[in-house]
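First up is the structure itself, then whatever we jot down about it.
Counting convention: from 1, in listed order, for ligands and their atoms alike. Counting from 1, the numbers follow the sequence of the chain as shown. Quick caveat, the model's predicted, so the values are computed rather than measured.
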Amino acid sequence: MKADHRGMHGIWASRWTFILAAVGSAVGLGNIWKFPYITGEYGGGAFVLVYLICVLAVGIPVMMAEILLGRKARMSPVHTMERLTTQYKAPKLFAGIGWMGAVSGFFILSFYSVIAGWILYYVYKMATGFFTGAEGALAEATFGGLLANPLRLTVLHTLFMLLVGVVIARGIHRGLENTLRLLMPVLFVMLLVLLGYSLTTPGFEQGWDFLFRFEPEKLTTEAVIVALGHSFFTLSLGMGAIMAYGAYMPAGQPLGQTVLIVGFVDTLVALVAGLVIFPIVFTHGLEPGAGPGLMFQTLPVALGALPGGVVIGTVFFVLVLIAAWSSAISIAEPAVAWAVEKGFSRARATVFVCSLAWALGLGTVFSFNDWSQNQAFVTVTELNEAGDAVGSEFYLYAAVDDLKKAKEVTGGTYEIKGKTLFDIFDFLTTNILLPLGGVLIALFTGWFMSRSSVEDEARLASQHLFAVWRFMIRFVSPAAILLVLYNGLF
Ligand code: TRP
């Protein structure tokens, strides 16, 4: 490793470019695809409230810490954390933040690319007018058909990974900045157009209620872990993506406002996406708990019903694709920057990172078809006639179809729930590794860096604000994360 990598990867043109890149990273499939579907699975309003609390109490403070760390050392997260750990004489454990982030990044990129491949398919379906006047049933069947076809999924996944590779290999300045400056506002306008449509549907009130009515009885510990994990995922925190972008941020710029803008825009996009999707779900009698397919079964129906739906629909999915693209680039950036610091050319580094993530992605591809019955952490709950649980069994691994058959022989009603490989990749990274990365980042910044050097780097508008943030990062954020993780896992 060379002694100093300052400027090796370049510096953003201004604070606004950083904001653009960070918003590009944050706003992605997490907002438009994932937020609505997990909100649906975990019961709506109660989940949304916990998510909002997590963004404020944990996400925003941790984001500031991440940018600050990156800018302080100006290297890839792995080297940033190695250097700062030595500089501040912190336990070696903290140097692991960068490595853990790199591992999480590979797994996240692997499934992110498979899902983004679905978007590619929907761009095509929209453009050819396939969904014009379509009913919910057709949308469901189309999505089911896509998932059942591993070859098609692999081709789409490959195409998306190539798109990511092309931009990453050229460095993030030229391609990304200009595209995002133009497209992020358009994405926002498109969402508003769809919101306008969803306002006119009879299901709007029900959709609104579902999102914002707080029903505490629906809160489970798993829902709280998922909400916390999602606040990290959606803000691109906990694995070094924002740290890497922070490393390219001009020195001396204040951080407070920057972080608030990114957090606000990201949250707004997610809420608007929810307000677009749920009214359509209820209007067309679809299932809010449909899982990962939710958006792919609702939006085509809505878009197919709009006059000019072919154009609006195509533009919309292209924009979601771009949002996913700019996010995927930021997931790959820490590993690529690390390899470049190790002496690889940017092109080689890209090939290495993207191929590895691509190969891991095949696990997600098969999770939806050939391997869908092979599940881990399977619980079988026996239900009585009133639908109450009367007994349960747990299997570390089970072939779920065989289990179902066996239960049919014994009779009775059972609910079988397990995790496919995709579910495991997702849960392990998003809900465990990202929050864990967040705790370590908060503790390192709050307890091991000197107060004065942190204050100097953050440049918050007032001393008072700084004191509040430091209190959050030292006590509130780590305690909240640890409490949630501990309760969830044990
Ligand atoms: N935030 C992005 C989204 O919501 C995904 C993403 C980009 C991400 N970079 C990340 C998730 C880093 C976790 C870690 O779609």
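- Salt-bridge formation is detected for the pair Asp426/Lys34: a Lys NZ or Arg NE/NH1/NH2 atom is positioned less than 4.0 Å from an Asp or Glu carboxylate oxygen.
- Residue Met239 approaches ligand 1 through these ligand atoms, each under 4.0 Å from one of its heavy atoms: 12 (C), 14 (C).
- Within 6.0 Å of CH2 in Trp358 there are 12 or fewer heavy atoms belonging to other residues, nucleotides or ligands.
- Taking every heavy atom of Ser330 and a limit of under 4.0 angstrom, the matching atoms of ligand 1 come to 7 (C), 9 (N).
- Of the possible donor and acceptor atoms, none in the side chain of Thr39 sits under 3.5 Å from a partner among the backbone N and O of Gly274.
- Residues Lys218 and Glu41 are not paired through a salt bridge, judged by the lack of any N-O separation under 4.0 Å between the basic side chain and the carboxylate.
- The neighbour count for Phe188 CZ, taken as heavy atoms of other residues, nucleotides or ligands under 6.0 Å away, is above 12.
- Between the side chain of Ser367 and the backbone N or O of Phe422 there is at least one donor-acceptor pair closer than 3.5 Å.
- At the shortest separation from atom 1 (N) of ligand 1 among protein heavy atoms lies Phe233 O, 2.8 Å.
- If you check which protein heavy atom lies closest to atom 15 (O) of ligand 1, you get Tyr112 OH, 2.5 Å.
- Only the side chain of Ile108 comes within contact range of ligand 1, with a heavy atom under 4.0 Å; no backbone atom does.
- Among Ala241, Gly24, Ala26, the residue whose heavy atom sits closest to atom 4 (O) of ligand 1 is Ala26.
- Residue-level proximity to ligand 1 for Phe232 is absent, since no heavy atom of it falls below 4.0 angstrom.
- The closest heavy-atom contact to atom 2 (C) of ligand 1, among the options Ala116, Gly30, Ser25, comes from Ser25.
- From the protein, the heavy atom lying nearest to atom 7 (C) of ligand 1 is Ser236 OG, 3.2 Å.
- Considering backbone and side-chain N/O atoms, Leu29 comes within less than 3.5 Å of an N/O atom of ligand 1.
- With a 6.0 Å radius and a threshold of 12 heavy atoms from other residues, nucleotides or ligands, Phe264 has its CZ atom at or below the threshold.
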